[in-house]
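Since the structure comes first, as structure tokens, the remarks are kept for the end.
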Amino acid sequence: MDINKIKDCITYSKGKKNKENKRGQLTIFIIIAIMIIALLILFFALGENLLPQSGVKQQISENPNGYLNLNLEPIIQEVLENISMQGGYNAPNLSREIEGRRIAYLCYNQNYYYSCINQEPVLIQHLKEEIKTAIEDDIQKNFQDMREELEKQNYDVELGTLNYDIELSPNRVIIDINRDMNLRKGESIISHEKFKIIVSSRFYDLAIVAQEIINQEARLCNFEQQGFALFYPEFTITKFRTGDSDVIYTIKHKTTEEEFKFIVRGCVIPPAF
Amino acid sequence: MKLNIRFNTNNKKHLQVFLELSILIIGIFSFSYIIHETQNLVPTNLFNKNKLDQKVVQIPFEDVINFFDLIPSISAQQENSNTQTQTSSWQSSSTSQFANVNNATTNYAVAQYSTNTSLSGYQFACCHQTKEGAICQEVLSTKQEQCAVPLIPGRCQEVQSCEIGCCIDKQEGLCSSKSTYQACINDGGEWKKGEECLIQECQKGCCLLGDNVEFVTEQRCDVLSLLEGFSQSYFEDLEREWQCLALKETQVYGACVVGEGRCSQESETKCSEIGGDFYEDLLCSHESLNTSCERQSYISCIEGEDEIYWFDSCGNKENIYSSDRETSWANGNKLDKSESCNPLESNAGSTTCGNCNLFLSSTCSETALGARSVKDGDFICKDLTCMDEYGNKRENGESWCVYDSAIGDGKDTAGSRHWKRYCEDGEVKIEPCADYRGQICVQSEIKNDEGDSINTASCVVNEALKCIMEYNQGEEGPSPECTENPDCIVKEIDVDKGFKFDFCTSKYPRGFDLTEDSENEESAKQICALANQECTVIYEKKLGFGVGGSAAQSAATGSDWVCVFNCDCEEEKFAEQMNDLCISLGDCGSYINYKGEGTDNINVENSPDVSWQEYTQYAQPVKGQYAQAKSLEYTGKLLGWNIATEDDFEREVSILAKSVKTVGTISGAGAWIIKGSMFIFPGLFGVGTVSSTVAASAAAEAAATGGFEAAGIAAQDPSMLATTLSGVATVAGSLALGAALGGIIGKIFGLQGDAATALIVTGAIGGLTIGVGVLVSAKFSAFCGPFAWLCFVILIVILLIVAAVLKFLGIGDTKEVIVEFECLPWQAPPGGTNCEACNEDPLKPCTEYRCSSLGQSCELLNENELNPICVNVNSGDRTPPVISPGDIATGFKFNNEQKDSVEVRQFEGGCIKEFTSVLFSLKTDEFAQCKLSYERGKDYEEMSYGFIERTSYSRNHTTSFIMPSISALESEFNITIEGDLREQIGNLNMYVRCQDSNGNLNNKEYAVNFCIVSGPDTTPVEIVKTNPVNGAGKIFNLNEVPLTIFLSEPAQCKFSKEDKSYNEMENGFLCKTGLQESTINGWPCNTLLQGLTQEVNSQDTFYIKCIDQPWFADTDKENLRNINQDSYIYTLKNSQSELSIDSISPSGNIIEGFEPIVVNIEAKTSGGINNGVSQCKYSFTNNNENLISFLNTFSSTHKQKFDLMTAGDYILYVTCEDDAGNKAESKTIFSLKLDTSSPAIVRVFNEGGNLKILTDEKAECTYDFYTCNFNINNASSMTNAFSLEHKAPWNLDNTYHIKCRDIWGNTNLGCGIIVKPSKIY
């Protein structure tokens, strides 16, 4: 009897199994495999009933907007969170890693002393583009899923070209989709062409504040967040200056706790000289 | 012609006059000669040595300094002006700030790259996009590798695509300053010149949006008005943001009655827009309005407002909450804040008054269940004050400065940083000022009339280098600006007469890059070198004691050499004063870091040194000490205020104050805060040139030295004043001539100092004797002959003899001692023993600078985190982390602590019983990663990251361990564990190795020993947890409930409704007994409790017992198993009734005039386990998925607001569930209809001589006799209030063009009807 075999049974670290415990690992893998198989069986057995949209299946032909809204809203929320936590980009280029996440510089000057140069002067339009790009695949996929659902209901589905725009406004983000969709079943035809996904979000409001901060940083090398909070108490603005004088701004909407984070580098004063 | 001079009585007077004149003339030359020779005796360089070596420092610094003018730093809220005057001011201000951009850019090259290189040779190029992705960055033309595209020769400002200007987002009505051309137009913006956006399109005014205001551009006001469905209302003359915000408060509010019984609380403007009947200052619940809204239905907070408010049953805000309902309701009249309860108090924590005030540090907040709240709901005025580091109370919004050490007087310590802290919503937050003390934290105190005060602080640019470089230019010493600038101080160096000067230096010295191989090392040296000085001390060989020198000095030196000049340079005060200057220049000299450790970085020759240890007291911050803000006047100018006098300033402040008063809700501290925010502004600087000189003072003072003073004194002998002018002239002339002869002879013999003095004195005395003799004695005069030539010859002979003797003795020789002071850049202490002091305060995150100041081998790790750590990474450090016990869970202890091991034991000292989990931590004496293994001798790589900290470098390493059971192991693996193996398991060791950031690894593992209770297990099993929890409620009338219990060790369990022995219990559990089947809560056992009571408010009780060590079941060791003697009593309560949803509102049709439509959903529940208290969720789809919790729930009333709904039919499904699992489902169906059609006129007739019309909905109608194209607002009305009936006089001569408008503003296009009255009707 090898003592290691016995020791394999010893658990530590909050009940987690020893990673070097090969037997333990094997057990875990087996359990995971069983779970995956069970889930697959369940999925195929219950299939449609497990789909989140099953409850609205009957309404899709009449209310395709509802279907899209149901499926796209959480995706859009996630996209908004991602963009707003990364300085307004899905995949920031000019950025710095903070706490494991890359955050974009929205105002930047690599040189000492000079105030920063606005990197996204038309920030709102830029954000619209970022959102648009980020959700394109999901919109396509949802239309495709919807088509499949409807075809299961014996509809012939004709889909036109997808056009969509992002509208950012106070308290909400709206996806305006223009796409011809004709549903035929026997003699009846149902046509849809406009779809609107409304997501409740302070994304726009946060972006407006971000733009104001950038403006003032670019002009004045500073933004006095306490003064701003005095007039607009619904926001909390945290300004953190790193040792190398990057300023990390976090704008938070107090009620919804949504955040927008970005970095400014300008008017950097080097050590002593 | 022969000069016949006879010396007789007749000619006596003539001769005398002639002699006197001659002597006078000779005397002039003689005195001149004396003075000339005197100066030569003092080294001329004494007066120049105190000047700075301009060749060294001036070239780079004078250019760099101009950058300061590019660094404005101003409060965000202070520049909101758009009047022409202010625009001009801004423009001029901006011009001055940025006028030097071109020069500055050139200077930048010097700043960043130049050390000893001349300015020429660097050229900038514009990089369209750097490899990092930044657009339009200027780089050196030689740095193509930084740029992702080919560099464009020239400055970015000269490249069209990178030209900086103002970008206007026409679609949004937003302006972006400092925007590049290409980036702007690429995203659809409109680019205009002028980077400050000081153009008409970007000027802001006040935009009224229903009840709200926004300080925006006119174009943006259009956009927002459109988005929010309001007609545009823009006030461009409200030029300040606070004035705009104040406008919001000037809106008149009241009850707006629309339709029958429907009422909402609106502003007059909005009510007018929706066509309601407006009742100013009345609440909808006012009895006279006869609405369906019931008063004081509930209380709540409102976003953007401070107070707790009552709401009526229609969801309208009423007055500020007071538990005195009648007073608060005020008979249905609106109460102002000042008329509500305790208006001058913050009411924080009050249970009776909801008049919270943000500016008095309180605001409305929802409370958790059971927490202190007002009497009528779960809300409270939350206290927003904070406690600072000294335990002082700070108001919400107050800010103050925190320092690492003493500040000012050039004494900021190396590595120290200035910090701004502020209180926001009850939490102390930090804003670090720029590191290396590039910014300083300035603080102001603001007092109100009552004498209370708050502080405001701000990080502003530190003008330290400007003090040094710009204000020392004049020959007369520091310029007056030095004393005016609060960032500068004048250091008065006063060591001795010949070493005395003033120097303008920094009050808060800038920090240097202290890392090894710093690019700025050379610059640091140059700055410190400004304090390099030499003091020339002069010694002279004396003729005995006391002549021109001090006897004490002579005695002290044991020789005849005596110090005669700059003697104090050899005293301690020389090094003290010079080091004082040295450390004020930056991180220079013998000084300390912010933790009080230091190094000596000065070199003092020929004078006592000074040590850093004399400065340790500066490591402690001084309570109450802070940097002062710049003056208000200066700030006012900065803001573009038109300030010529103090009155002007007061006027500007009063504008702000009035605005604040208009707001009405702001008082007391609020005003201070606003006022305070004006106080603290970063400084801008004027443009100036640079010089780097030290004014040498006291030049003339040094002239009178040595024995020449004697000559001067003799020349002014007061006894001579009694003689006649001619007598004086004779005597003085003789004296001077004698002295001059002495001087000349001394010169010929090369005598100096005392010897020269003695000779001159001898000569002077001789001359004096001759002069007096000639004057008073005819014989003497005759003896001396004409012009007393004979006597002077004798005097010359005497002087020659004296000179020869002095020369022989060496008297009067002088020597110089050069006392040198060299100021060097400060160096961090050797080693890195104190590196981790940088990590101690989470409110002061460590930085590169702070870390490197603590030790030569300190280095920053985890730089990509907001709170990185500083560790000792000295490559010479071969010491592995030392592991020691840390914390351990209650009930256990570390025992027998050795260097490389420790035991984990029960607190009482015994071994730990099987299956017990022990949570503990180990410490390392430095930041390290730790791994563990249960096998000795494993390589570090093979060990596992078994600690919670995983790969992070930390000093605490936490893990837990569950004691194994030998018998269980034997059973599990069907083996017998005996002998060494048994001993091994019974005394199991966990081996730990840690590695520091240097890669130093413990050679010897650290062993943590676990001793498991040996012998038979005599402890019965313990039920750790149950699900549902013990005492929980069950679903009403549910007959059976599944129960899971979690055990401390594997066991088998039974239960019964009566307390019996284990064997008699009739119901069993299904238990997991495998060693690896433990969950985080223990080993689970499941069963189904059946036959539960159906009686209301009653409960079921179950008795549970277990028997442990299941592996002994049915073996000969069955008797070793432990059974619970006492049952675990488990109860389950029945609910009082089913949970039901009593109501959901709204339902039916809701007609609104505009989108988005605000809908307030409210559901009420009752029954269940706790009088309807439950959680409700909603969904617009009937599939029980995607359920979203109500915003306000966990009570019997559940509220949710939808403020973005559009017209349509809705079914809202609501599901509620209480703690017992009682569920209730319901739904509400409602239709949101948008009334977009104009009223239809359904009937026209004559009634009582009036033209009467009826409309299909409530409306107001007007008429015009001539056209349908009239303005309904200005036409003759047929309606008193919104009504179905409308009438006008019946006039046969006119044609009635009638137009109607409903309450939503829908108006007939053209005419609703045209009526021509006739006689027949």
Side-chain angles (χ1 to χ4, degrees), chain A residues 1 3 6-7 9-15 18-20 27 52 55-56 70 93-94 97-99 108 110-113 117-119 121-122 124-126 169 171-172 198 200 211 215-216 218-224 226-228 230-231 233-234 239-241 243 245 255 267 269 271-273, chain B residues 67 70-77 108 111-112 132-134 136-137 167 169 172 176-179 183-184 187-189 227 245 303-304 422 431-432 434-436 438 510-513 520 523 586 677 847-849 864-865 934 944 946 959-962 964 969 975 981 1075 1080 1181 1183 1185 1204:
Chain A
M1 174 64 191
I3 189 167
I6 297 169
K7 286 172 184 172
C9 295
I10 300 165
T11 57
Y12 62 89
S13 190
K14 289 202 166 178
N18 190 335
K19 282 201 169 182
E20 57 188 343
T27 309
V56 294
L70 192 67
N93 190 11
L94 177 66
E97 188 182 320
I98 302 286
E99 310 276 334
Y108 185 85
Q110 66 175 19
N111 297 329
Y112 288 139
Y113 300 107
I117 295 161
N118 200 330
Q119 298 292 299
V122 197
I124 300 297
Q125 306 310 323
H126 160 76
S169 36
N171 300 341
R172 58 186 170 168
I198 301 175
S200 177
Q211 182 153 348
N215 270 346
Q216 298 203 23
R219 289 177 56 203
L220 310 164
C221 295
N222 187 34
F223 178 79
E224 193 62 51
Q226 273 186 278
F228 188 87
L230 188 71
F231 291 137
E234 63 269 33
K239 182 163 76 174
F240 185 85
R241 189 177 282 102
S245 283
T255 310
C267 308
I269 308 167
F273 194 85
Chain B
F67 281 111
L70 301 176
I71 308 170
S73 184
I74 186 172
S75 169
Q77 274 65 53
Y108 157 73
Q112 197 170 30
E132 290 180 320
C136 296
Q137 302 288 308
C167 184
D169 182 349
E172 297 292 333
S176 292
S177 50
K178 290 212 85 171
S179 304
C184 179
D187 276 342
L227 282 172
L245 293 172
E303 186 178 330
Y422 57 97
E431 183 194 329
D435 215 359
Y436 302 95
R510 292 283 310 280
F512 295 159
D513 184 350
N520 297 321
S523 309
S677 68
T847 62
E848 180 82 55
Y849 175 53
N864 289 330
E865 293 178 15
Y934 291 92
S944 105
T959 190
S960 69
F961 182 80
I962 298 176
L969 288 170
I975 54 169
L981 193 56
L1075 289 181
I1080 195 165
T1181 55
N1183 56 7
E1185 291 180 9
L1204 293 171

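Predicted model only: the values in this text are computed from it and were never measured. Below, read A as the first sequence line, B as the second, and so on, with proteins coming before strands; counting in each chain starts at 1.
Legend: residues meeting side chain to side chain contact (heavy atoms under 4.5 Å, CB included) with A:Ser245, ordered by chain and number and at least two apart, are A:Arg241, A:Val268, B:Ala434. Applying the side chain to side chain contact (heavy atoms under 4.5 Å, CB included) rule to B:Ala134 yields the partners A:Leu94, A:Tyr108, A:Gln119, B:Thr130, B:Gln137; only residues at least two apart in sequence or on another chain are considered.
Note that CD1 of A:Ile117 and SG of B:Cys136 are 6.5 Å apart. Values are rounded to the nearest 0.5 Å. We find the SG-CG distance between B:Cys167 and A:Asn215 to be 10.0 Å, quoted to the nearest 0.5 Å.
Nearest heavy-atom pair across A:Pro121 and B:Ser179 is CB-OG, 3.2 Å. Among all heavy-atom pairs drawn from B:Asp187 and A:His126, the shortest one is OD2-CB, 3.9 Å.
Listed options B:Gly133, B:Ala183, B:Ser177 were ranked by heavy-atom pairs under 4.5 angstrom with chain A; first place goes to B:Ser177.
B:Asp169 has its side chain out of reach of A:Gln211: every pair of non-hydrogen atoms, C-beta onward, lies at least 4.5 Å apart.
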